[in-house]
Amino acid sequence: MEMDSILENRKNYQRNKMLSVIRLHENISRNDVKKITAYSMTTVLSTIDELIQEGLVYEESCNDSRVGRKPVWLRINPEGGYFLGVEFNRNAIHCVALDFTGKLIYDAERNIETSEKTADQVLELVKKMIYDGIAFLGEKSKKVIGIGIGIPGYSDANRGIAISYSHLKDWKNIPVKDILEKEFHVTCYMDNNVNVMIFAYKWLVYGGKCEDMLLVSIRTGARVIPIINNQPVRGTCGYSGELGHVKVSGRSRICSCGRYGCLNSEISDVAIVNKIIDGIKVGRFREIAEAVQGDMDKVTMMSFINSVREGHADSLKLLDQVKGFIADILSMLVNIFAPRKIVLFGELAELGDILLDGVRERVSENIIKENSNGLKIMASEFGRNLGAMGAAAMVMQNAFEFLEEKI
């Protein structure tokens, strides 16, 4: 029995390796697969035939005018299976569906209202968003391979348990993975909602071979996920990437963690909105106050972003402060990790070069020359559904054990 298990694991590895090779190469034949994998032609032929029979791969004849026998290309079948991804934070929930090639075919967003912020209510919203995605797929939903979910706050990905989230007071030790698997009868994969974002870059942007980069998410908190040598840098215990809880000097605002002086209390969406509200109370940010007609509940990050774009003095001054904090923390990270690219994600990053030009200049001044060569600091090319996209890509990663190639 043990030998059967070993042989089955080897067969699955070979199968997934070939499937990954086909996925990551535009024009590839059976002979190419043999060369890349170094498997015997017998193994390649039999495995490819199985993948075709299962509808995961199809053949396409080469149409060029070359002399001699034309090759037959192997292609991933878009309808071979589907990946659902869900991600939420304090303010909104997103759900997407990707086809088997990784193409986005369904995208839904819903705000989370103040009256809906209990654990049970949020879980029901998650379920409803997934049911809506399944309804969109119709008969194709029978081919859903798995559901990925990005959870805010602290979680135990291995056990599928959401441990806590400061913006949902009763969000404590919830077995999210088990709840969703019992509800939908399909495998569920769970991780922190920023951790999952990196899979969207690795598989949907870089085809499995990602250059050294830092993904920095600034929303209700600030987190960083590095990819170094094509591997996400994550700890096996504790909670890595908690950039927002790095202490910044001379600051006394209280953070959601209960401590004072955390970066989150200066640059997060919550912090920026709170600073604007405090400012309005003493006569500052008058343009924003007029726009919301004095209703402080209507002050949002978009209020700030629009005000910055209009060139309002108080908002520009606040932005300069935020730029300084971001640049200083990125300078530290660059000198530690020496990435080639830094990608910022969140509503703040939607300001683009209005934000980034000042950050780039200050980072360049603060880092060693050897780490500045070729460094790019950019806003994410994804929309607000990045977490959901990453959660769906996490299913691709886990269900098929794609190659973790080093570059």
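Just so you know, residue 1 is the first one in the sequence shown, and it goes up from there.
Using modelled atom types, one side-chain atom of Arg360 and one backbone atom of Ile377 make a donor-acceptor pair closer than 3.5 Å. No donor-acceptor pair closer than 3.5 Å links the side chain of Asn274 to the backbone N or O of Ala271. Put simply, the side chain of Asp99 never gets that close to the backbone of Leu104: no donor and acceptor are under 3.5 Å apart. Side-chain atoms of Asn264 come within 3.5 Å of backbone atoms of Ala222 as a donor-acceptor pair (strictly under, hydrogens ignored).
Geometric assessment of Arg110 against the ring of Phe88 yields a negative cation-pi assignment under the 6.0 Å and 45° thresholds. Relative to the six-membered ring of Tyr39, Lys17 meets both conditions, a distance below 6.0 Å and an angle of at most 45° to the axis.
The side chain to side chain contact (heavy atoms under 4.5 Å, CB included) check on Lys247 picks up Arg259, Cys262, with sequence neighbours excluded.
Defined by atom type and a distance below 3.5 Å, a donor-acceptor pair is present between the side-chain atoms of Ser29 and Asp32. Between Glu211 and Tyr201, the side chains place no donor N or O within less than 3.5 Å of an acceptor N or O (distance only, hydrogens not considered). A side-chain donor from one of Asn27 and Arg75 sits under 3.5 Å from a side-chain acceptor of the other.
The two atoms that bring Leu215 and Val194 nearest to each other are CD2-O, 4.5 Å, heavy atoms only. Closest of all the heavy-atom pairs between Ala97 and Leu84 is CB-CD2, 3.6 Å. Counting all heavy atoms, side chain and backbone alike, Ile147 lies closest to Val395 at C-CG2, 3.6 Å. Counting all heavy atoms, side chain and backbone alike, Ile288 lies closest to Ser315 at CD1-OG, 3.8 Å. The shortest non-hydrogen separation linking Gly133 to Tyr106 is CA-CE2, 3.5 Å.
Taking the six-membered ring for Trp, Phe83 and Tyr189 have ring centres at least 6.0 Å apart.
Comment: Asp178 does not engage Lys182 in a salt bridge, judged by the lack of any side-chain N to carboxylate O separation of less than 4.0 angstrom. In summary, Lys341 and Glu381 do not engage in a salt bridge, as defined by a charged side-chain N under 4.0 Å from a carboxylate O.
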